[in-house]
**Q** 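Handing you this structure, nothing more for now.
Reminder, nothing fancy here: chain letters follow the sequence lines and each chain counts from 1. Source: prediction; values computed, not measured.
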Protein chains: 2
Amino acid sequence: MTDIIEAYLKKVLHQQEQVEIRRSEIAQLFDCVPSQINYVINTRFTIQKGYLVESKRGGGGYIRIIKVQVLDEMDMLNSMIDIIGDSINETDARSVVHKLYEDEIISKREAKLMLVAMDKSLYTGERLIDNRLRSNLLRTMLANLKYEEPNKRKADNS
Amino acid sequence: MTDIIEAYLKKVLHQQEQVEIRRSEIAQLFDCVPSQINYVINTRFTIQKGYLVESKRGGGGYIRIIKVQVLDEMDMLNSMIDIIGDSINETDARSVVHKLYEDEIISKREAKLMLVAMDKSLYTGERLIDNRLRSNLLRTMLANLKYEEPNKRKADNS
DNA sequence: TATTAATAGTCAAAAATAGTCAAACAACTA
DNA sequence: TAGTTGTTTGACTATTTTTGACTATTAATA
């Protein structure tokens with residue numbers, strides 16, 4: 001089942017760079033429970049595989065899958081994410097950002113923004129907690145630098 | 001429905017810098033209850049998104065939506081910093097970042113980095129505390145965008 | 001000035017979505 | 001066969017939108 005739904009979505013994505021579905025409709029179409037769709041998405045449309053997923057609940061809700069282009073810096077970023085681990089202090093975090101800047105993976109402005117976010121004074125004051133929060137933030141930022149969304153179309157809403 | 005009404009109003013605002021409507025008329029036009037219009041306005045035309053709303057009740061009442069105009073980048077950043085105040089929730093913070101991106105004050109990558117840092121899941125879980133931390137971080141980031149450092153000289157400290 | 005009509009605003013309940021998580025099940029593997 | 005891994009299911013949760021009863025404000029009229 002998972003494979004069938006995956007194939008269906010990929011077929012659409014082969015022609016368009018994004019799909020938007022209504023979870024319940026797809027579930028009905030394939031005669032499965034709605035949460036099966038989440039399973040398919042969580043296992044087959046991950047960022048590692050080059051997909052970005054957005055969704056909205058409530059009336060007019062949807063799930064949107066976007067094919068993204070994975071960048072060359074991916075390996076570098078992945079290994080940095082590994083190195084960071086689940087906790088990092090401000091000094092080390094700054095070094096990571098500096099290195100990214102030196103390696104021209106991020107611009108100066110981007111580096112400044114990231115450094116601001118690494119600043120101790122912004123956090124709670126509990127060292128252990130802060131180091132975890134910081135690691136979370138830094139790793140998520142790096143993860144977001146790994147890919148690039150397709151070009152925006154002219155008649156973009158949002 | 002909300003999206004449709006939003007699109008309608010934005011279309012008008014694309015040509016004029018303000019719209020004035022009669023709530024009941026628009027509700028009738030789109031066949032929805034009048035309070036739906038308030039919902040659209042409250043969720044889609046906030047100050048964080050760059051709109052001002054004025055209204056009057058009673059005979060000849062109206063709702064007026066005005067697109068705020070700012071002169072330049074510095075102005076925009078300053079007014080956003082003002083709007084943020086000392087506390088901001090995730091939704092509003094996202095609106096601010098989005099607006100800066102739309103107005104080409106920040107790049108898409110910068111926007112992504114900033115959005116990551118606004119994410120609720122990153123914080124402590126205490127709403128009031130989180131909103132303060134988020135405001136601090138966002139305002140500091142914006143403040144850092146206001147100026148550009150001079151070119152690095154050889155004997156650069158920092 | 002007091003009353004009524006004509007507006008718009010608020011708020012909370014209901015409806016319409018999607019997400020999470022763990023238990024049951026299935027398919028493989030040592 | 002026992003253990004491991006991947007899949008399916010459904011009960012429960014979270015979020016967003018829609019709706020309508022009630023309130024507030026302003027203008028028109030008596």
**Q** How many angstroms lie between atom CG of Leu52(A) and atom OG1 of Thr46(A), to the nearest 0.5 angstrom?
**A** 11.0 Å
**Q** How would you list all residue pairs meeting side chain to side chain donor-acceptor pair (under 3.5 Å) that involve residues 54-68 of chain B, not counting sequence neighbours?
**A** Glu20(B)-Arg64(B), Glu54(B)-Arg64(B), Tyr62(B)-Arg64(B)
**Q** Give me the residues of residues 56-67 of chain A where at least one heavy atom lies under 4.0 Å from an atom of DNA chain D, by number, or none.
**A** Lys56(A), Arg57(A), Gly58(A), Gly59(A)
**Q** To the nearest 0.5 angstrom, please state how far the CD1 atom of Ile105(A) sits from the NZ atom of Lys99(A).
**A** 7.5 Å
**Q** How far does NZ of Lys146(A) sit from CG of Leu142(A), to the nearest 0.5 angstrom?
**A** 8.5 Å
**Q** Measure CG/Asp119(B) against P/dT15(D) and give the value in whole Å, please.
**A** 12 Å
**Q** I need the residues from residues 30-41 of chain A with at least one non-hydrogen atom less than 4.0 Å from DNA chain C; give them sorted by number, or say none.
**A** Ser35(A), Asn38(A)
**Q** Determine the sole option in Asp82(A), Leu100(A), Leu71(A) for which the side chain to side chain contact (heavy atoms under 4.5 Å, CB included) test with Leu77(A) is passed.
**A** Leu100(A)
**Q** Taking the six-membered ring of Tyr51(B), is the NZ or CZ of Lys10(B) close enough (under 6.0 Å from the centre) and on axis enough (within 45°)?
**A** no
**Q** Quick one: is Thr2(A) getting a side-chain N or O under 4.0 Å of the dG6(D) phosphate, OP1 or OP2?
**A** no
**Q** Output all residues satisfying ring-ring contact (aromatic ring centres under 6.0 Å, His included) with Tyr8(B), sequence neighbours left out; order by chain, then residue number.
**A** Phe30(B)
**Q** What's the spacing between Lys108(A) NZ and Ile106(A) CD1 if we round to 0.5 Å?
**A** 12.0 Å
**Q** Examine the side chains of Arg23(A) and Asn38(A) and answer whether a donor and an acceptor come within less than 3.5 Å of each other.
**A** yes
**Q** On DNA chain C, which is the earliest and which the latest nucleotide, 5' to 3', with an atom closer than 4.0 Å to a heavy atom of chain A?
**A** dA16(C) to dT20(C)
**Q** Using the salt bridge (charged side-chain N to carboxylate O under 4.0 Å, His left out) rule, take Glu110(A) and Arg109(B) through it: C-alpha gap first, then chi angles, then the decisive distance, then the call.
**A** CA-CA 8 Å; Glu110(A) 287 161 357; Arg109(B) 271 164 64 105; 3.0 Å; yes
**Q** I need the minimum non-hydrogen distance between Asp92(B) and Asn89(B), along with the two atoms involved.
**A** N-OD1, 2.7 Å
**Q** For DNA chain D, determine which residues of residues 21-29 of chain A have any heavy atom closer than 4.0 angstrom to one of its atoms, and list them numerically.
**A** none
**Q** So does Ser87(A) get a backbone contact from the side chain of Arg134(A), meaning a donor-acceptor N/O pair under 3.5 Å?
**A** no
**Q** Check step by step if salt bridge (charged side-chain N to carboxylate O under 4.0 Å, His left out) holds for Asp3(A) and Arg44(A).
**A** CA-CA 9 Å; Asp3(A) 293 342; Arg44(A) 309 296 151 88; 2.9 Å; yes
